[in-house]
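Below is one structure; the comments refer to it alone.
Values reported hereafter were calculated over all heavy atoms of this structure, with side chains retained and with hydrogens, waters and symmetry mates removed. When a residue number appears, it is its place in the shown sequence, counting from 1.
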Amino acid sequence: MPGETAWSRVSVSPEPPEDDTGSYSPAYFNAPFVPAALTVKSVSLEALQNASAHQTRRFELVRMARPTPIFRRAQHFDVIVKFKENRAFDLEKDALRLVFSIGRNPNPLKGTQGLVSILNDASECWPPHDGRWYGRLQSSSETETKLEVRAAADAPVGVWSLTVETGVKEDPTAAPKVFAHNEHIYLLFNPWVKDDATFMENKSLLDEYVLTDVGKIWMGSRDQHHGRQWVFGQFDKAVLPAAMYVLEKTNLDHANRGNPILLSRAISKLVNSNDDAGVLVGNWSGEYSLGTAPSAWTGSAKILEQYYLTRQPVKYGQCWVFAGVTTTICRALGLPSRAVTNLVSAHDSNASLTVDKFYDINSRPMENGDSIWNFHVWNEAWMARPDLPKGYGGWQAIDATPQETSDGVYQCGPASLQAIRQGSVGLKYDVPFLIASVNADVIYWKYDPTSEIGYRRMSVSTAEVGFKILTKKANMFDHTGQSDAEDITLLYKAKEGSQMERSAMYNAARGSKNAQRYLLQPGEAREDIKFTLSDLEKVNVGENFPIEVNIKNEVDDVRTLDVILSASSVYYNGVEANLIKKAAGKFKIRPGGKDTLRLAVTPEEYLPKLVEYGMMKIFAVATVLETKQTWAAEDDFQIVKPKIAIKVPDGVTAKKVSSIEFSVKNPLKTTLHNCKLQYEGPHVLTPNVTLSMADIGPETEITVKGDVTPIRKGKFPLVAVFTSDELVDITGSATVDVTP
């Protein structure tokens, strides 16, 4: 590199030359004096002092007895070097170079080695960011030399090492003295600096998307949803080493680990265990005896710690657990990230941009690869997209839940939200799959041997999928309500039913033969009976609920209807768990007449068959025998469960034990067995506590006490979750106000 001192060969200090008589040559004594190279005694990276400028002070690794250096690229940090000679470093005579390295074969041309020669003093301005590392002298005395170093803005994220080389400028060919510093250095993304690819101009948002370690992940049905508290815990002492282990497992070349596009895609692959023995094993079966039920987790730190210590995938996860862990890893690495929930989310298995529901000749549903999830959670990460046309940077969707393969493995994204909104299916990565997730048309098909494709389209819904897309509002936390929900649906698609929204769908369909094939099929020609399935907005656990279908005959003829009504418990991904109740029959409706079909479901019927999260599906299908008109509809809703009440005493003090009360009420008329309560909070617990509880009798409330020992002052959320054999996924949260 220009201006650097070059050490090209190894030399050995020579013995004085002798003349023929064995005496020392006078020329040796008359040669000019060359001072010896300085010998490094110690190097201090001033981890705690540098942490404030680098926004890393909250990492527990920085606050330990021996602080760990955690720096952000493109931000200068101080280095103190002490020499054994007890003399001041002389910029004119002494050569000093710091060599930062990452990976097995570091190379400055690949960006995996940063060469920092101390050539200038503190009076000069920092040079512009040009892909190189820079350093300068701040001060020098007989006791220590203080340097200032800045990593390149595109340097790889990961664990770096440092060696210090010293020499003499008058003898540039001499081999340097080398000192190997024994500390690892964590280097992270820096979204506070404009030259970093993760730069976010509104810096107040970084308080949420990088620095906030407790958030909410929205769950539930279209009409009944809530934000569940999740402890991201990215500053926990186990998380950053675990995140670095995940990076190693990706096998992404170190030279590419500074690229948030490739890195976020690799993270989406490694948070699930399907291809690379990644962090979490997905399980949607309802059987979790070999691990932890997804609904029982309260945060990411314990998951990542277990993965790091055992080197084995952790059991078990579902979409919101995958998203919680992904948020933690991204924020730990400095990549702005948030968890996003799509209420009524499509899983398009054949790239048709539709969810196709097939029924046989007897109106019974048939299995196919497509499905609709009550909700699905993925992530967004903020970054520039120089690989795409201008205007496609900003929030990018990534999804670590294993649904469909991409490039042969289970990974998804990053997909530009702007590309999803415009239907730009030709832009990488996985844009078509995300378009279908938020905006697929739902098409109902019935077997018809006279049709070209063997099925006749009964009806189509263009407004069902992507009902609402939610994330947590930045810098706001509502412990008891939902006022901190932010509706970001319009970032993914134009207003439902608008010309722009339809145009985006047809634009996307142009790039998919399957989409054209399904979307352009002719529909039902004659629909003279109008059906409406009544939606259920809220049902408290233990209450009755009805299935109601309103029918109107719009012609002057009697019509004969064949109708099926049913209610089932379902897992949140739309898969049926248990059929609860079903009724079928034929009846006539008079000309111009109206009628209502009603089927009541009692707690005694549904409670034994309820599964986690309390998701329910009611389904109705009807056929008009005279015209062959067929109609089908379904509605998903959630059985609402009580919350855990948490009582936090006044005067909780840092580094002292305090007792907190948790109260759980059994809303059922049956006893709850095998009761357990877990609770967790950043800087309050490491990482969480599980309490065993006595059986809770019918409609009875029980209170248990748990201890917390906060490590520092401040206000910290506490998250709790209750499970039992009969009732699971009962949650609660509170704030612990810790005084010094």
Side-chain angles (χ1 to χ4, degrees), residues 216-220 226-233 271-274 278-307 310 312-326 328 339 341 373-377 400-402 541 569-578 607-616 638-644 662 664 666 668 672-680 687-693 695-696 704 719-733:
K216 280 187 177 181
I217 299 175
W218 262 259
M219 307 170 65
H226 66 282
R228 175 167 176 171
Q229 296 85 356
W230 185 263
V231 181
F232 298 120
V271 170
N272 70 72
S273 66
N274 287 50
V279 180
L280 277 162
V281 178
N283 188 341
W284 290 265
S285 70
E287 170 52 49
Y288 310 117
S289 59
L290 297 180
T292 300
S295 61
W297 296 114
T298 52
S300 305
K302 186 176 180 180
I303 295 170
L304 287 166
E305 181 180 35
Q306 181 178 330
Y307 180 65
T310 66
Q312 295 295 320
V314 178
K315 300 175 180 179
Y316 293 103
Q318 291 173 354
C319 71
W320 57 282
V321 184
F322 288 115
V325 171
T326 299
T328 299
T341 299
W373 297 31
N374 292 83
F375 68 92
H376 181 50
V377 189
T401 301
V541 64
S569 61
V570 294
Y571 299 109
Y572 81 93
N573 62 355
V575 175
E576 181 180 295
N578 301 294
L607 281 174
K609 298 181 178 181
L610 204 62
V611 292
E612 56 193 350
Y613 318 126
M615 295 294 181
M616 304 288 291
Q638 188 175 24
I639 301 293
V640 180
K641 302 172 185 176
K643 292 288 185 181
I644 300 171
F662 303 88
V664 181
N666 177 6
L668 307 181
L672 303 183
H673 301 89
N674 193 25
C675 302
K676 293 181 180 179
L677 186 139
Q678 293 187 76
Y679 62 102
E680 179 176 2
N688 70 2
V689 174
T690 300
L691 300 176
S692 294
M693 302 172 64
D695 294 347
I696 306 178
V704 294
V719 177
V721 60
F722 169 86
T723 61
S724 68
D725 290 342
E726 295 77 12
L727 206 57
V728 299
D729 190 40
I730 294 179
T731 63
S733 68

Can you name the side chain to side chain donor-acceptor pair (under 3.5 Å) partners of [X], sequence neighbours left out?
X	result
Ser289	Glu287
His226	none
Trp373	Ser371
Asn573	none

| task | Could you tell me the separation between the NZ atom of Lys216 and the CD atom of Gln229, rounded to the nearest 0.5 Å? | result | 5.5 Å
| field | OG-NZ distance between Ser569 and Lys609, expressed to the nearest 0.5 angstrom | value | 8.0 Å
Where the side chain of [X] meets the backbone of [Y], is there a donor-acceptor pair that is under 3.5 Å apart?
X	Y	result
Gln318	Asn283	yes
Asn274	Pro402	no
Asn374	Gly220	no

Please name all residues satisfying side-chain contact (heavy atoms from CB on, under 4.5 Å) with [X], sequence neighbours left out, ordered by chain then number.
X	value
Ser692	none
Ser724	Leu672, Cys675, Phe722, Glu726, Leu727
Asp729	Arg228, Ser295, Tyr613, Lys641, Thr731
Val281	Ser273, Pro313, Lys315, Tyr316

| message | A side-chain contact here means heavy atoms from C-beta on lying under 4.5 Å apart; do Ile303 and Trp297 qualify? | response | yes
Test ring pair (Phe, Tyr, Trp, His ring centres under 6.0 Å) applied to [X] - qualifying residues, sequence neighbours left out:
X	value
Phe375	Tyr572
Tyr307	Tyr245
Phe662	Tyr679

Looking at [X] and [Y], what are the two nearest heavy atoms and their distance?
X	Y	value
Thr298	Gln678	CG2-O, 4.2 Å
Phe232	Gly324	CD2-O, 3.7 Å
Val611	Val570	CG2-O, 3.4 Å
Val377	Ala323	CG1-CB, 3.4 Å

